[in-house]
Amino acid sequence: MYSANHFSSFNSIDEKKWCSIMTIAETLQKARAILAENGIENPGLESRILLAHVCNVNLGGIILIDHKTLRKNDNQKYFDFIEKRTTKYPVAYLTGNKEFFSIDFKVNSSVLIPRPETEELIEWVMEQNLPCERMLDLCAGTGCVGIALALNYPVKTLRLSDRSEEALEVAKYNAKNLFLKKTDLNWATIQSDLMNNIREQFDLIVTNPPYVLPDEYKDLSDDVRKFEPKIALVVEDYKSFFTRLLEQTYEGLYSGGSLFIETNPLMVSQTLLIMKEIGFTGVETRRDLSGKLRFIKGQKPKN
């Protein structure tokens, strides 16, 4: 078995010679052992994902080349990735991309890595068949929510907003790359603390804002706590922040417009109370696939 300490002798002459003659199947076996020894939960899958990235093939393509050997530079790059992953550095940041809603998004350490449960928010929105010519993705990060909806739903105007300039650069890259053939879509990015800098109104607002409580943050996995941006995760004063978010989104909706939120399952009851006090109607909740209440929708009453 191999551990992080193994890398201290990784550059020995014997080791280099051995690595240069290993087949890809043997390389995978070695990488898997190193990851497993360092507590990575899915060492087999992750070793394949990283190798597929280095070889520029899909996961299925690895089996077709597992009898071959890696080029020296690729071998070094691959084991550099494996070494960094032993520190719990996220795979998506190593590869620079993450699949979400069957779409490949660019990611880096300026943005949260898209989660599978957020795909359920998109599915819920699409089930409603709501008017959505004008849509805002608030606290957009990668832009994955707004972009996925715009590619699968009749959106004509899309705004991607985030307070982080670095995150917006990622969202802008993803939008430019993924909207190349969608020339009828009017889209733009807006740097804004919530809706402070947004002067438009929308039929639909979707948001996956920071919602991790400070006491929860210390219990997050090392992958998340050490490497993903805290500013996009943690809300110091949930009630104050969500009151401001909900007041601003209420004003930012057209009459009859809808808001969809992903939030903290522990805080859903408080969020519902705030929404009703502000004036949202038709307020509903939805559980994620793990059974946790995570999603909320509400409507601005029609005039």
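Numbers here are sequence positions counted from 1. Keep in mind it's a predicted model, so treat the numbers as computed, not measured.
Taking the six-membered ring where tryptophan is involved, the planes of Phe260 and Trp124 are perpendicular, since the angle between them exceeds 60° and thus also 30°. Using cut-offs of 30° and 60° on the angle between ring planes, the pair Phe280 and Tyr250 is perpendicular.
At a threshold of 4.0 Å, the pair Lys98-Glu228 does not count as salt-bridged, since none of the basic side-chain nitrogens sits closer than that to a carboxylate oxygen. Using a 4.0 Å cut-off between charged nitrogen and carboxylate oxygen, Asp237 and Arg244 do not count as a salt-bridge pair. For Asp223 and Arg85, the salt-bridge test passes: some basic side-chain N is under 4.0 Å from an acidic carboxylate O. A salt bridge is defined here as a Lys NZ or Arg NE, NH1 or NH2 lying under 4.0 Å from an Asp or Glu carboxylate O, and Glu127 with Arg286 meets this definition.
Residues Tyr78 and Leu28 have side chains in contact (heavy-atom distance under 4.5 Å, counting atoms from C-beta outward). Looking only at side-chain heavy atoms (C-beta outward), Leu178 and Phe105 come within less than 4.5 Å of each other.
A distance-only check finds no donor-acceptor pair linking the side chain of Glu262 to the backbone of Phe295 [under 3.5 Å]. Counting only distance, with no hydrogens or angles, the side chain of Tyr217 and the backbone of Leu233 share no donor-acceptor pair below 3.5 Å.
Counting only N and O atoms by type, the side chains of Asp162 and Ser164 include no donor and acceptor under 3.5 Å apart.
Under the side chain to side chain donor-acceptor pair (under 3.5 Å) criterion, Asn197 pairs with no residue at all, not counting sequence neighbours.
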